[in-house]
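Heads up: the structure comes next, in structure tokens.
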Amino acid sequence: MKKILALVLVLVFAIGLCACGETGAGTTAPAANSGSSSTPASGSTGGQQSEAAKEILAAEKDTEKKFPNQNEDGTVNLDKVAHFDTDFDYAANAKHEKLAYLAAAGTVLYQLSADAYEHWCPLFNLEWAGFVSSNGDSDMYLTNLQTYIDQGVKGFILDPDSTIFPSVLSILEQHPDVFWMSQMSPPRDGAVGDGIPVGGNLINNYVGFDNVESGRVVTRRLVEWKNEVYPDVPWDEVGFLMLDYSLSPPLHDRYTGSLEVFLEAGGKESNFFAADCVSTGMTMQGGLDAAGPIVSSHPEITYWLCNGLFDDLAQAAASIFDQQGLTDTSAVCVFGGSALIQQWDAGQEDSFRFAVYTAQTLYAEPIIGAVVAFLNGWATPDNIWPSWVKQSDKGIDGHTYSQLLLPTVPIEHDNYKQYLEWTDLYTHANAWPYDNEVTVNFDDFSPFVEEVPASYAA
């Protein structure tokens, strides 16, 4: 009676925000009801409808409700309308439209995202039209989008290279009955100038993470580990290895957050080393090439903390520490975690110890729910999540696009099964095989960020 798909989040190359950059390939041309040729990773539902989800669909609903999670007086709650409501009759009160997920890559992260959207589709009364990757070809991406629209698809989750969002928008503006949300990257128009956010102005709502804060959270966990395991080691003997990709502003924001927390803890700025993967590539080999020389050239440092940025690079850092005989005196944490979960399931433990994680179906729920709300006229892109409109970054020409933040959970070997089984419980899925090992309750974790940051009002 539980189960969901999971995985965080993260991002690959310079296209977005958060991801666990594994490499792979998806399909290359769209067709109705097509899926990706990528092999689903561990934890994938593979599109199978869980027994819990079937029970949700079969259960009697409140036929008087006009909106999901509506207010007590029967009006729409724009902050909650996109979240799944088990008591709302989507089959009777929501349009049955097709939804497709288009990504620039077909790697494990994107496949897991596709599995998450496919899982949610029948619960939200949508028909799954498929997942297609353009394999990094932006022209193909735009062609795929137009082809799906021509096939009658009205709902989209879009993950293009963030630089082509203006071209994506030019297609969508010709089809006012088509609605969309992005996933990995905030959708921006590419404008530059004084007072314009990095990447340009918002052109739609965004669900995701604050990357500066993600750098802080990752580094706080590393600082806790040092203080717990090596409390007597002076901070001037501790090195910090920051995997970076400086050409991607969202990813580089994690550098900013990590440096801030490391210095606050007592670390020396001269011991903070950036391994920039711009020239080496955002792969495990690229991480080895960027970080290896840094560690090997500082034999005087035997205690290391590392923000791995995302999983491939975190695995590279752990491998370097192992080669240098530093496994016991180093700790790697990442904003992601898919590869780490696979390591733990395989019985492998090394200095890649922690992740700050969001299950992929939790990530997917409000995104697909927003598309459903737009298709049904319950909300518009300009009024959904009104509490989450960032006043300094809400689009132009009177738009009030919101930026909903997602909850994250620090996971480690002792608690990861508990969290993943809870995500299955909340999302009515059967993704994870740990139900005989742990017991979970609905209130063990929260699917929401409860407080809007004060910075949103500025």
Side-chain angles (χ1 to χ4, degrees), residues 21 211-212 214-248 251-337 339-340 343 348-356 410 412-413:
N211 278 279
V212 173
S214 77
R216 295 185 185 118
V217 172
V218 164
T219 306
R220 287 181 191 127
R221 184 63 190 97
L222 292 168
V223 169
E224 288 175 4
W225 177 83
K226 183 271 178 195
N227 288 336
E228 292 166 0
V229 182
Y230 295 106
D232 297 328
V233 173
W235 275 102
D236 59 7
E237 296 181 14
V238 179
F240 195 100
L241 180 62
M242 179 72 215
L243 276 297
D244 193 16
Y245 196 83
S246 60
L247 290 184
S248 171
L251 288 179
H252 190 62
D253 280 347
R254 301 181 188 182
Y255 174 107
T256 302
S258 281
L259 177 59
E260 174 188 312
V261 171
F262 181 66
L263 296 179
E264 287 176 353
K268 295 172 59 178
E269 189 164 4
S270 59
N271 284 1
F272 189 95
F273 304 97
D276 196 340
C277 296
V278 166
S279 60
T280 61
M282 295 178 74
T283 63
M284 185 171 180
Q285 185 60 53
L288 292 170
D289 293 342
I294 294 174
V295 177
S296 62
S297 64
H298 289 279
E300 77 281 5
I301 297 177
T302 56
Y303 298 91
W304 286 91
L305 307 179
C306 174
N307 182 338
L309 194 67
F310 62 86
D311 287 54
D312 279 9
L313 302 184
Q315 289 180 311
S319 177
I320 291 167
F321 292 138
D322 184 63
Q323 292 168 13
Q324 298 289 327
L326 301 170
T327 298
D328 291 341
T329 58
S330 61
V332 181
C333 185
V334 72
F335 196 76
L340 182 56
Q343 282 187 195
Q348 177 185 345
E349 294 185 62
D350 53 23
S351 62
F352 189 5
R353 305 178 191 276
F354 314 111
V356 178
E412 53 192 275
H413 190 267

Step by step, would you call Leu305 with Val238 a side chain to side chain contact (heavy atoms under 4.5 Å, CB included)? CA-CA 7 Å; Leu305 307 179; Val238 179; 4.0 Å; yes

Side-chain donor-acceptor pair present, Gln285, Asp289, cut-off under 3.5 Å: yes

Considering only heavy atoms from C-beta outward, does the side chain of [X] approach that of [Y] to under 4.5 Å?
X: Val295; Y: Leu326; answer: yes
X: Ser214; Y: Val356; answer: no
X: Tyr255; Y: Ser246; answer: no
X: Met242; Y: Phe272; answer: yes
X: Leu222; Y: Cys306; answer: no
X: Arg254; Y: Asp244; answer: no
X: Asn271; Y: Trp235; answer: no
X: Phe354; Y: Val218; answer: no

Where does the angle between the aromatic ring planes of Trp304 and His298 fall among parallel (under 30°), tilted (30 to 60°) and perpendicular (over 60°)? perpendicular

Would you give the length of the straight line joining atom [atom1] of [X] to atom [atom2] of [Y], rounded to the nearest 0.5 angstrom?
X: Leu340; Y: His413; atom1: CG; atom2: NE2; answer: 9.0 Å
X: Ile301; Y: Thr329; atom1: CD1; atom2: OG1; answer: 11.0 Å
X: Leu247; Y: Asp276; atom1: CG; atom2: CG; answer: 7.0 Å
X: Cys333; Y: Glu224; atom1: SG; atom2: CD; answer: 10.0 Å
X: Tyr245; Y: Leu251; atom1: OH; atom2: CG; answer: 9.0 Å
X: Asp322; Y: Thr327; atom1: CG; atom2: OG1; answer: 4.0 Å

Which heavy atom in [X] sits nearest to a heavy atom in [Y], and how many Å separate them?
X: Leu241; Y: Ala317; result: CD2-CB, 4.3 Å
X: Pro293; Y: Ser297; result: O-OG, 2.8 Å
X: Ile320; Y: Gly287; result: CD1-O, 4.2 Å
X: Gly337; Y: Ala355; result: CA-CB, 3.7 Å
X: Gly215; Y: Ser258; result: O-OG, 3.3 Å
X: Leu243; Y: Ala291; result: CD1-CB, 4.3 Å

In a table with atom names and distances, give each donor-acceptor pair under 3.5 Å that connects a side chain of residues 261-270 to protein atoms at least two apart or in another chain.
none

Keeping the roles fixed (side chain from Thr280, backbone from Gly286), state whether a donor-acceptor pair exists under 3.5 Å. yes

Taking Asp350 for the side chain and Ser319 for the main chain, is one N or O donor matched with an acceptor at less than 3.5 Å? no

Contacts of Asp328 that satisfy side-chain contact (heavy atoms from CB on, under 4.5 Å) - sequence neighbours left out: Tyr230

Determine the sole option in Asp311, Asp312, Leu313 for which the side-chain contact (heavy atoms from CB on, under 4.5 Å) test with Leu309 is passed. Leu313

